[in-house]
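Each chain gets a letter, A, B and so on, in the order its sequence line appears, and its residues count up from 1. This one's a predicted model, so the numbers in the text were calculated from it and none came from an experiment.
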Protein chains: 2
Amino acid sequence: MTRRQLTTVTDVARLAGVSPGTVSKALSGQGQLRSATRERVLAAAKELGYRPSQLAKSLQTGRSYMVGVLTTDSIGRFTIPILTGAEDVLEAGQVSMMLCESRGDRVRERHYLQTMLSRRVDGIIVTGRSSDERPSIGDDLPVPVVYALNKSTDPSDISVLHDDRNGAALAIEHLISTGRRRIVLISGPPHHAATTNRHSGTIEALHRAGLHLAADPVFGPWSEEWGREAAAWLVRAGVEFDGAFCMSDQIARGFSDGLRELGLRVPNDVGIVGMDNWDAMVGASRPPLTTIDLQMSRLGYVAASLMLAQIDGEDIEGGSRLVPSILVMRESTRVATA
Amino acid sequence: MTRRQLTTVTDVARLAGVSPGTVSKALSGQGQLRSATRERVLAAAKELGYRPSQLAKSLQTGRSYMVGVLTTDSIGRFTIPILTGAEDVLEAGQVSMMLCESRGDRVRERHYLQTMLSRRVDGIIVTGRSSDERPSIGDDLPVPVVYALNKSTDPSDISVLHDDRNGAALAIEHLISTGRRRIVLISGPPHHAATTNRHSGTIEALHRAGLHLAADPVFGPWSEEWGREAAAWLVRAGVEFDGAFCMSDQIARGFSDGLRELGLRVPNDVGIVGMDNWDAMVGASRPPLTTIDLQMSRLGYVAASLMLAQIDGEDIEGGSRLVPSILVMRESTRVATA
DNA sequence: TTGAAAGCGCTAACAT
DNA sequence: ATGTTAGCGCTTTCAA
């Protein structure tokens with residue numbers, strides 16, 4: 001591997017027979033230049049393989065064109081699409097991402113915050129696996145902050161969240177539209193924002209249709225095993241139901257497996273809607289799962305857009321924004337054919 | 001949100017009644033200072049909330065203390081632990097990560113490469129989802145490059161890879177040690193490095209034990225469905241087997257489900273070893289899967305260490321390094337109890 | 001239309 | 001032990 005020496009404006013200037021200032025103008029397209037001069041500079045730059053130092057430019061302009069991404073939990077299944085969505089926006093704005101994983105460690109988090117600020121990031125996106133509220137990273141920061149997925153406890157902070165209520169409502173409305181009337185709710189763990197909001201969304205949607213849950217909601221972990229248990233429990237308890245909304249695809253998949261093993265058919269006897277649109281789950285389920293997609297990459301997109309807007313000086317109102325969920329239809333709710 | 005004005009060395013110097021140079025020395029711990037002076041500077045810095053600009057420091061020292069991470073595919077299940085492992089090393093070296101997702105787009109990849117170089121990253125880690133070889137990003141780059149998980153086609157490049165052969169061998173040896181003698185191999189898609197290497201590892205390990213596969217290996221996608229199909233196919237073909245190595249946890253899980261539904265018991269009739277140690281799969285399987293852990297975070301750790309060593313001027317030999325896999329024992333290979 | 005010069009915030013060599 | 005100065009690579013007035 002050859003280590004090429006770095007070229008500077010001065011080198012280019014010398015080769016083109018002009019001053020450094022002229023090189024800067026030629027390359028940035030600013031100011032008045034004779035086009036012949038510009039050509040000459042461009043040619044010289046190309047010949048030398050000149051690559052401007054963003055470092056020096058940043059020092060000069062006071063903008064690093066970099067945003068820090070602070071993931072409070074470790075990066076996970078939800079964080080990935082958020083990052084991807086954010087990058088779509090940032091790349092278009094020529095902004096790079098500095099990634100810091102604090103892994104839930106407050107000390108590390110403060111440390112990373114300092115690191116980001118010393119690098120003069122133009123803004124900070126805070127994200128993490130859970131949708132529960134988290135303490136604000138500070139209210140006297142010299143740069144804008146946007147919380148993605150993780151809501152800040154400080155209501156004046158800007159948070160972008162997925163819409164659990166609307167997601168649950170979509171699930172219920174879809175079950176109803178496929179002819180289900182006796183619907184059960186298989187929840188995640190209690191006392192979590194996600195669970196609570198999905199619960200309300202469910203109840204409200206049922207209410208609008210003049211319906212009630214066919215059984216009290218049951219709570220458990222986000223696991224397939226819990227889904228299987230729930231199925232067994234409901235059937236043994238003699239609950240009559242023809243539709244189920246499970247708060248995650250893992251639960252839904254376990255629930256589906258559980259029903260099948262108990263001799264019930266999906267979707268003929270019971271229609272099932274999951275949540276997350278997790279490819280590994282929805283595809284492997286038999287039959288493939290209808291589910292709610294929380295639109296995580298859209299969430300990242302919105303968060304980054306709000307970030308850029310603030311960097312560009314726009315005044316964005318504090319508070320939460322919800323990104324609507326969508327329904328993805330598959331076999332587990334297919335209308336029973338005669 | 002208050003935007004605090006940024007403080008510079010000069011501000012601190014003025015408040016402490018010293019020169020900027022002295023402030024620099026006091027804060028960096030370089031040179032000779034009367035401790036009273038140092039205290040005074042530190043106090044002033046603290047009072048002003050001074051945060052040194054890494055930007056200016058980098059320009060001065062020529063080191064950005066940042067490495068670029070170029071993910072050629074989109075970030076996925078495998079990339080996450082690699083990033084985490086890398087961050088462990090980098091953080092200790094005070095080095096930050098700039099993340100760029102090229103998503104398999106060569107144009108975007110070149111673009112990101114330019115961006116990284118213009119930011120004067122100290123080095124570049126290339127990674128991605130597949131372990132197949134990929135073209136080198138260039139051999140005349142001004143900074144060191146390490147390939148993690150994705151092997152470069154250029155043998156003089158430094159690549160860090162997981163060890164498929166040793167992983168497969170561990171699986172086979174474990175099956176043998178739990179008393180299995182008629183072992184089948186459920187492969188992934190043909191013509192992939194991962195599949196090929198796991199295949200050789202399997203054959204070699206069997207050979208060392210004086211055994212052969214109980215049936216020709218069968219190839220299919222990395223899916224649960226393929227695992228189920230494979231189980232059905234083997235059983236219907238009348239193949240007698242008491243052990244199976246499946247090249248992924250998804251396949252293993254499907255295989256396990258398939259066997260159970262055909263009336264065979266795991267691990268009593270058949271012991272199963274998967275590969276990946278993917279929590280969502282190994283835990284949800286019934287029974288939980290024994291599997292091979294490819295040690296991805298260790299891989300990231302090694303890659304980042306080689307990166308730092310090179311940045312520090314060490315001369316690292318080109319070529320591939322393999323990170324050994326390990327076996328994680330669970331129920332799917334438990335020794336049958338009488 | 002182009003060049004010269006100052007300065008972004010810091011560090012390091014040299015003076016004092 | 002501390003201050004002065006120059007310079008990292010670039011942009012941006014201001015002069016020429």
Inset, instruction - Can you tell me the distance, in whole Å, between the CZ atom of Arg40(A) and the C1' atom of dT2(C)? - result: 11 Å
Legend entry - Residue pair Leu83(A) / Glu101(B): nearest heavy atoms and the distance that separates them: C-OE1, 4.4 Å
Inset, instruction - Indicate yes or no: does Arg108(B) engage Glu87(A) in a salt bridge with an N to O separation below 4.0 Å. - result: no
Legend entry - Carboxylate-amine/guanidinium contact Glu39(B) Arg34(B), below 4.0 Å: no
Inset, instruction - Output the distance between atom CZ (Arg63(B)) and atom CZ (Arg120(B)), rounded to the nearest 0.5 Å. - result: 15.0 Å
Inset, instruction - Please check the phosphate of dC8(D) (OP1 and OP2 only) for any side-chain N or O of Ser58(B) closer than 4.0 Å. - result: no
Legend entry - Euclidean distance, Ile125(B) CD1 relative to Asn150(B) CG, rounded to 0.5 Å: 12.5 Å
Inset, instruction - Verify the distance criterion only: is there a donor paired with an acceptor across the side chains of Asp154(B) and Ser152(B) at less than 3.5 Å? - result: no
Inset, instruction - Using atom CZ of Arg119(B) as one end and atom C1' of dC8(D) as the other, report the distance to the nearest whole Å. - result: 18 Å
Legend entry - Annotated protein contacts, base or backbone, on nucleotides 6-16 of chain C with a non-hydrogen cut-off under 4.0 Å, one of B, S, - each: -BBBBBBB---
Inset, instruction - Figure out the CG/P separation between Leu33(A) and dT12(D), and round it to whole Å. - result: 14 Å
